[in-house]
Amino acid sequence: MEFDLIERIRARTTVQRADVRLGIGDDAAVLAVAGGHDLVVCTDTLVEGVHFPARTHPADLGWKALAVNLSDLAAMGATPAWATLALTLPVGDAAWVEAFAAGFDALAREHAVALVGGDTTRGPLSVTVTAHGIVPRGAALTRAGACVGDLVFVTGCLGDAAAGLACVLPGHPREAALFAAPAAQREALVARLQRPTPRVAQGMALRGLAHACIDVSDGLVADLAHVCAASGVGAEIDAARLPASSALIDLFDAPERRALQLGGGDDYELCFCVADADADAAIATLARLGGGVTAIGRIVAGGSVRVHDALGHTVAPVRSGWNHFS
Ligand code: ADP
Ligand code: MG
């Protein structure tokens with residue numbers, strides 16, 4: 001059964017790369033890393049009931065398991081190349097595995113990511129993807145390096161995925177109001193939760209431009225705080241500048257929207273810091289790639305992330321990110 005499932009995954013994942021000397025089928029993969037480059041590696045696990053609701057469509061899960069990892073590579077400025085997939089399944093459901101692999105492959109094709117190995121075991125549903133990318137030697141973006149005076153930017157919009165979660169989680173406080181919302185708007189928010197777009201091209205374009213970069217997986221304030229800690233700086237964010245989708249604006253009042261934008265996770269946008277002198281270049285470069293880019297604040301001395309409104313009043317701290325063990 002296990003080998004039948006592995007064969008289905010192998011058959012359903014279609015990306016072939018010349019630098020894969022040996023892929024699925026041996027004890028390990030053999031990958032040719034180009035000279036003068038650094039290998040960038042990340043891994044992320046999605047557990048049913050923790051990272052995604054039970055009965056999430058397997059194709060969405062396959063997409064998202066890869067997307068969250070490509071988002072980490074994007075935050076490092078890396079070009080994705082290879083992935084491995086560790087699947088733990090309660091039952092050996094061939095149709096489920098094929099749908100999962102198809103969702104994974106849809107995103108893998110967009111970024112030419114070859115699936116080169118993995119592991120398949122029985123147990124409570126959980127998916128771990130390890131992604132490998134490459135950067136010119138020394139060019140990886142990191143969380144360290146933000147300087148006082150840098151502008152803080154974010155790609156795309158914030159808060160949609162958290163709003164999408166409110167749409168799909170039974171018993172959520174906003175459930176009734178969201179159920180009454182237009183289907184197109186609900187679907188747009190849920191799509192941002194289930195099929196996030198990793199900002200791969202943006203991350204690569206920020207090499208040599210951004211002083212620091214992180215992807216927004218736990219919530220803007222929590223993730224920007226990681227940049228501040230790694231860089232030894234603080235940040236001032238202007239809540240009025242936070243980018244919001246039209247669905248978020250239509251369905252939530254300003255305080256609710258702000259809480260989603262500042263504290264909601266799962267957006268997988270990039271938050272990055274750029275010197276004033278390079279800000280125009282960064283905006284122009286990212287504008288060409290589409291998806292939007294917005295200046296939301298500045299790096300300051302200190303160590304914390306402060307948020308203020310249009311009148312300069314401090315916005316109360318929101319639930320600050322996701323922490324499994326708190
Ligand atoms: P081993 O016992 O040597 O670890 P396995 O029997 O677990 O090998 O796996 C056989 C081959 O199938 C290996 O190349 C492994 O990387 C690959 N593989 C196993 N599970 C998956 C999966 N979920 N996705 C992709 N490749 C997989
Ligand atoms: Mg082996």
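Every heavy atom of this structure was used, including side-chain atoms; hydrogens, water molecules and symmetry mates were not. Ligands are counted one by one from 1 in listed order, and the atoms in each one are counted from 1 as well.
- With a heavy-atom cut-off of 4.0 Å, I6 touches ligand 1 through its side chain alone.
- Side-chain contact check for L125 versus T88: every heavy-atom pair is 4.5 Å or farther apart.
- Near G117, meaning under 4.0 Å from one of its heavy atoms, ligand 1 places the atoms 16 (O), 24 (N), 25 (C), 26 (N), 27 (C).
- Taking 4.0 Å as the cut-off between side-chain N and carboxylate O, D150 and R298 do not count as a salt-bridged pair.
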List, one per line, each side-chain donor-acceptor pair under 3.5 Å for residues 198-205, sequence neighbours excluded.
{"unit_1": "R199", "atom_1": "NE", "unit_2": "E269", "atom_2": "OE1", "d": "2.7"}
{"unit_1": "R199", "atom_1": "NH2", "unit_2": "E269", "atom_2": "OE1", "d": "3.3"}
{"unit_1": "R199", "atom_1": "NH2", "unit_2": "E269", "atom_2": "OE2", "d": "2.8"}
{"unit_1": "Q202", "atom_1": "NE2", "unit_2": "G290", "atom_2": "O", "d": "3.2"}

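- The N/O atoms of V116, backbone and side chain alike, include none that comes under 3.5 Å of an N/O atom in ligand 1.
- Counting atoms of ligand 1 from 1 in the listed order, those under 4.0 Å from a heavy atom of F3 are 6 (O).
- For atom 7 (O) of ligand 1, the candidate residues are D119, L87, T128, T121; the nearest heavy-atom contact is made by D119.
- At under 3.5 Å, a nitrogen or oxygen of L85, whether backbone or side chain, sits near a nitrogen or oxygen of ligand 1.
- Contact annotation: for D26 versus ligand 1, heavy atoms closer than 4.0 Å belong to the backbone alone.
- Using modelled atom types, one side-chain atom of D105 and one backbone atom of T14 make a donor-acceptor pair closer than 3.5 Å.
- The ligand atoms of ligand 1 that sit less than 4.0 angstrom from a heavy atom of T120 are 19 (C), 20 (N), 21 (C), 22 (C), 23 (N).
- Put simply, the side chain of S126 never gets that close to the backbone of V47: no donor and acceptor are under 3.5 Å apart.
- Of the options A28, A83, G118, the smallest heavy-atom separation from atom 27 (C) of ligand 1 is shown by G118.
- Proximity to I24 (heavy-atom distance under 4.0 Å) selects the following atoms of ligand 1: 12 (O), 14 (O), 17 (C), 25 (C), 26 (N).
- Scanning for side-chain hydrogen bond (donor to acceptor under 3.5 Å, both in side chains) contacts around E98 gives R8, R12, with sequence neighbours left out.
- Enclosure of atom CZ in R109 is not indicated, since only 12 or fewer non-hydrogen atoms of other residues, nucleotides or ligands lie within 6.0 angstrom.
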